[in-house]
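Just so it is clear, the structure is predicted and the values come from calculations on it, not from any experiment. Quick note on labels: first sequence line is chain A, next is B, and so on, each numbered from 1.
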There are 4 protein chains.
Amino acid sequence: MTKPPTRIQKRNQAAIMSAGLDIFSQFGFRGTTLDQIADAAGLSKPNLLYYFPSKEAIHTALLERLLENWLDPLKALNSGGDPVQEIIAYAHRKLALSKDYPRESRLFANEILQGAPRIENILHTDLKQLVDEKAAVIKGWADKGKIAPVDPYHLIFSIWALTQHYADFDVQVQAVMPGSDPYAGAATYLDHVISRILQP
Amino acid sequence: MTKPPTRIQKRNQAAIMSAGLDIFSQFGFRGTTLDQIADAAGLSKPNLLYYFPSKEAIHTALLERLLENWLDPLKALNSGGDPVQEIIAYAHRKLALSKDYPRESRLFANEILQGAPRIENILHTDLKQLVDEKAAVIKGWADKGKIAPVDPYHLIFSIWALTQHYADFDVQVQAVMPGSDPYAGAATYLDHVISRILQP
Amino acid sequence: MTKPPTRIQKRNQAAIMSAGLDIFSQFGFRGTTLDQIADAAGLSKPNLLYYFPSKEAIHTALLERLLENWLDPLKALNSGGDPVQEIIAYAHRKLALSKDYPRESRLFANEILQGAPRIENILHTDLKQLVDEKAAVIKGWADKGKIAPVDPYHLIFSIWALTQHYADFDVQVQAVMPGSDPYAGAATYLDHVISRILQP
Amino acid sequence: MTKPPTRIQKRNQAAIMSAGLDIFSQFGFRGTTLDQIADAAGLSKPNLLYYFPSKEAIHTALLERLLENWLDPLKALNSGGDPVQEIIAYAHRKLALSKDYPRESRLFANEILQGAPRIENILHTDLKQLVDEKAAVIKGWADKGKIAPVDPYHLIFSIWALTQHYADFDVQVQAVMPGSDPYAGAATYLDHVISRILQP
DNA sequence: TATGAATGAGTTTTCATTCAT
DNA sequence: CATGAATGAAAACTCATTCAT
C-alpha cells in the first residue's frame, strides 16, 4: 500500500536532506533549528514537517544514509591483495570520502563528540566487528612480515584521523593554507605516511 | 576599587568553568543550556549569572583559557634542537594535551566544526603565523636533508589529527577497544609513525 | 439545479457522520481533529472537506440530527393514557435511546458539559417548552391523585439521569460490572424505581 | 531536601488548580489550552509552567485531588447502621458533593466520557472493589428483608446518576428551571425517591 | 471526486535573562 | 551571595483550511 514517491516528494525530501545535512553538520542536533533547515530548503516549516514527522526524523534519516556507506572503504580492504597497496588504497578511499562528503564527515564527528547517543550500539556492534576483522587481517600481514609490526587498531585509527581531519577541521586547514585545495597535497602526503609506516 | 575575588568566588567560578567545559564540549554552544551548567555546577541559574554575565561569557572564558595553552606545544618546537627528536617531542606534548585535557580538545573541535565563529580571526592571525613560522623551520630541516622532504603543513596537520583523535573521538575509540587505556598504545604507535615519516 | 446526492455522496457523507460521531462524542468539539475523523471515515482530509465545508459543519450536522429525535420519547408522553404506564413507557423509550444510540447521548453530554454553546437557545425554547408542557400534564395527574405528589421537573430530570447514565458513563459501568450487558438489569430496576416513585 | 512551599507558591499553585479546574471541567483535556488557564489564573504562560511542568501535570494533579474525596461518601456507608437511613444519607452526601464541587463532578464526567484513559485502572481496582463491598452490604440488607430486593449495583448507579446530574447537566437544569436553586428541590425529591425504592 | 502539497495561525514547551528580596 | 519568581522570545510541532491538479 505504500505509494512510490512522486517527483515533488523526491525533490523536497532531497532538499530537506541536503539542508539538514548543512545545518546539522555544523551545529549538531540540539544546535540546529527547524527554521534554519526550512529556510535552507526553501520550504515553510509546516511543509517541512509534512515530509518528515519531526526534527529527529530528519537527523535519523541523515545518519542512516551516512552509515550506509561510511564503512564501505574499510569493508573493501581485501585480505588477498598486496598488504601495502591495500592499506594505501583504503586510505585513499577514505580521503576521497572526506573530499566528496565533508558534511557527512562533520555530521559523524558531531555525533561522536556528543557521545554518539544515536549510534552507540552501531559503534559497539557493526563497527567493532568490522574493525576486529580487518585488524586481524592486518595483524596477519604483520606476523608474516609483509608490513611493519604495528598495532593494527592504532593504524586504523590513524587512517581515520588523517583523512577525516581535512573534512572536520576544514575551517582551520583553510585558515592555515588559504586559497589552496588541500586534498592534492594531502593525498601525496598520505602516500608518503602510509608507505613509511608500513615498510617492513 | 575592584576587590580581589574571595575564596567563594574562586570556588564558584571554577565550578562554573568546569561544568561549562563538560557541557559545552559535548553539546556545542547552542546545544548547551544554562540549566545544564547550573545543575552540573551545583548552583542556581541566577547565581550562575551573578558570576558570569551571560552564557556567551562562560563560553568565551573557556575558549580564552583554552587558547592560552593550546599552541604551547607547537611554540616549544625548537629550531635549534635535533629535528626528529623535536618533532617527536612535539607530537608527545600534543598527545599529552589530549590525554590530560580531552574536554578542552572537544570544545575546540566543536568550535571548528561550527565554522569557528568565535576564533576565526585567531586562526587567521596567531595560528597561521605560528604554523607558518614552524613550517619554515621544518622546511629548513627538510631542505638540509635532516628529515624526509615532506610538506611541513601536512606534517603539522597530521600530528594534530593523530593526537586530537584520541580525545575527540574517544567514544568511538572506547567502543572499538573497550576497557583499555588507548594512550599507552597511542604513544608507542606515534613514535613509530613520526620517526618513519621523518626518516630522511 | 442542485443535483440529488449520488450513491457515493451518500455513502461518504454517512461515513463522515458516523466517524465524526465516534470522535466528537469522545473528545468533544475542540478535542477532535479532522485527521481523526478522516482516518475513521477512510477518507483524505481534503476529500472530507469536500463533503462538509468545515469541522464546525460536521459537528452541527450531528447535533441537528441528534436533536431531531432526542425529544421524541418525551413528546410521546400521552396525557390521555394511564399515568404510571405512560411514565414508565417514557423511561423505557429513553433507556432504549441510550442503548441504541450511546454515541449520540455522549455527544449531547459533551455539549452540555461545555456549556451548550451551540444548543443553548434550543434548551431555552424547544426543550423548556416541551418540559413545561409535560410537567403540567404530570402535575395534573399528581393533583388528581393518580400518581404520588412529586415535583414533575425533578421527576423528568431523574428519568434523564437514570437512563443516560448507562450511555454516558458506560466505561465506569463496564468497569464495575465487567462482561455484562447492563441494559437488561437497568430495565428491570427502572421499572421498580419508577413504579415505586409514582405509587400514589 | 524538598522545601516547603512558600506563600507565593501556595497562592499560585492554588490559582492554577482553580483555573485549570474551571477550564478542564468545561472543555476536557484536549479542548483546554494553557493560554486559557494562564489567563484565568492571572499568570503568564511560562510562569504557569514554572509551577507545573506541563499541561498534563495540572490535569493529573486535579484528577488526583478529585479522587482523594470522590469515593468518601460511599466509603462512609455503614453496614451497622439502619439500612434505609444509611442509603438516604449516602445519597445526600453525594448530592452535597455535586452542589459544593460541581466543577470536580464535570471534570470526572469529562474523563469518563473520553474513555477514562487516565483513571481506567482506578475504576477497575479501587472503585470496583469498593462498589463490590458496599453492594454486598446492600444485598445483605435486601436478603434479610430490611429493604426491597433491588439490584445493589443498579441502586448505586442510580444514586450516582441522580445526584451527579445536577452538577454535570447544570446548564440544562438551569434552562428548564431558570433562576431557581435546584438543589433544594432535588434533596426533597431524592428523599422521596430513595425511600420509595427501598421500602421493603 | 479525490488527493498530494502547502500554509497561517495556533499550542506546548524551552530558555536566556531579569527582578525582587 | 543566593534564590524564588517572572517573562519575552523562540523553538518544535499541530491543525483547520486552501490550492492545484
Side-chain angles (χ1 to χ4, degrees), chain A residues 3 5-9 11-13 29-38 42-58, chain B residues 5-9 11-12 29-38 42-58, chain C residues 5-9 11-12 29-38 42-59, chain D residues 3 5-9 11-13 30-38 42-58:
Chain A
K3 293 179 187 167
T6 67
R7 229 164 309 143
I8 293 184
Q9 267 177 23
R11 173 172 33 92
N12 283 342
Q13 277 178 350
F29 181 75
R30 296 191 34 194
T32 292
T33 73
L34 284 182
D35 269 315
Q36 290 175 294
I37 300 178
L43 295 172
S44 70
K45 220 184 335 178
N47 199 20
L48 185 151
L49 289 165
Y50 172 75
Y51 290 99
F52 287 85
S54 69
K55 179 181 170 181
E56 183 84 36
I58 305 173
Chain B
T6 67
R7 231 163 309 149
I8 292 183
Q9 273 178 2
R11 172 166 40 85
N12 282 342
F29 181 75
R30 296 187 37 191
T32 292
T33 74
L34 282 184
D35 270 312
Q36 289 176 294
I37 300 178
L43 295 173
S44 69
K45 224 181 341 176
N47 199 18
L48 182 151
L49 287 166
Y50 171 80
Y51 291 99
F52 289 85
S54 69
K55 178 181 172 181
E56 183 82 36
I58 305 172
Chain C
T6 68
R7 233 161 305 151
I8 293 183
Q9 275 180 358
R11 176 174 28 93
N12 283 343
F29 182 74
R30 294 186 41 189
T32 292
T33 74
L34 283 184
D35 269 314
Q36 289 175 293
I37 300 178
L43 295 173
S44 69
K45 225 185 335 179
N47 199 19
L48 183 151
L49 287 165
Y50 171 80
Y51 290 100
F52 288 84
S54 70
K55 179 182 173 181
E56 183 83 36
I58 305 173
H59 193 254
Chain D
K3 293 178 186 168
T6 67
R7 230 164 311 140
I8 292 183
Q9 268 175 21
R11 172 169 39 91
N12 283 342
Q13 276 178 351
R30 297 190 34 195
T32 293
T33 74
L34 285 182
D35 269 314
Q36 290 176 294
I37 299 178
L43 296 171
S44 70
K45 222 181 338 177
N47 198 21
L48 183 151
L49 289 164
Y50 173 75
Y51 291 98
F52 288 84
S54 68
K55 179 181 170 180
E56 183 84 36
I58 305 173

Residue whose nearest DNA chain F nucleotide is more 5′ - L48(D) or P53(C):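 Looking at DNA chain F, the more 5' nearest nucleotide goes with L48(D).
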
Starting at the 5' end of DNA chain F and moving along, which residue's nearest nucleotide shows up first, S54(C) or P46(B)?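 Closer to the 5' end of DNA chain F: P46(B).
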
Among [options], the one nearest [X] by side-chain distance:
X	options	result
N12(C)	dA6(F), dA16(E), dA2(E)	dA2(E)
N47(D)	dA6(F), dT1(E), dC13(F)	dA6(F)
K45(A)	dG4(E), dA6(F), dC13(F)	dC13(F)

Testing the basics here: between [X] and [Y], what is the closest heavy-atom pair and its distance to 0.1 Å?
X	Y	answer
F29(C)	E56(C)	CZ-OE1, 3.5 Å
F52(D)	Q13(D)	CE1-CG, 4.0 Å
T33(A)	Q36(A)	N-OE1, 2.9 Å
A38(C)	S44(C)	CB-C, 4.2 Å
L49(D)	K55(D)	CD2-N, 4.5 Å

Measure [atom1]/[X] against [atom2]/[N] and give the value in whole Å, please.
X	N	atom1	atom2	value
L34(A)	dA9(F)	CG	P	21 Å
R11(B)	dA2(F)	CZ	C1'	12 Å
Y50(A)	dA16(F)	OH	P	16 Å
R30(A)	dA12(F)	CZ	C1'	14 Å
K55(D)	dT11(E)	NZ	P	9 Å
F29(C)	dC15(F)	CZ	C1'	12 Å
D35(B)	dT17(E)	CG	P	12 Å
Y51(A)	dC13(F)	OH	C1'	18 Å

Pick the closest DNA chain E nucleotide for L49(B) and for I8(C) by heavy atoms, then say which residue is nearer the 5' end.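 The residue mapped nearer the 5' terminus is I8(C).
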
Within the pair T6(A) and dA5(E), is there a side-chain N or O less than 4.0 Å away from OP1 or OP2?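 Yes, T6(A) has a side-chain N/O under 4.0 Å of OP1/OP2 on dA5(E).
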
Would you indicate, yes or no, if dG4(E) has its OP1 or OP2 atom less than 4.0 angstrom from a side-chain nitrogen or oxygen of Q9(A)?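 No.
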
Looking at dA20(F), which nucleotide sits across from it as a Watson-Crick or G-U wobble partner, both distances under 3.5 angstrom, or is there none? dT3(E)

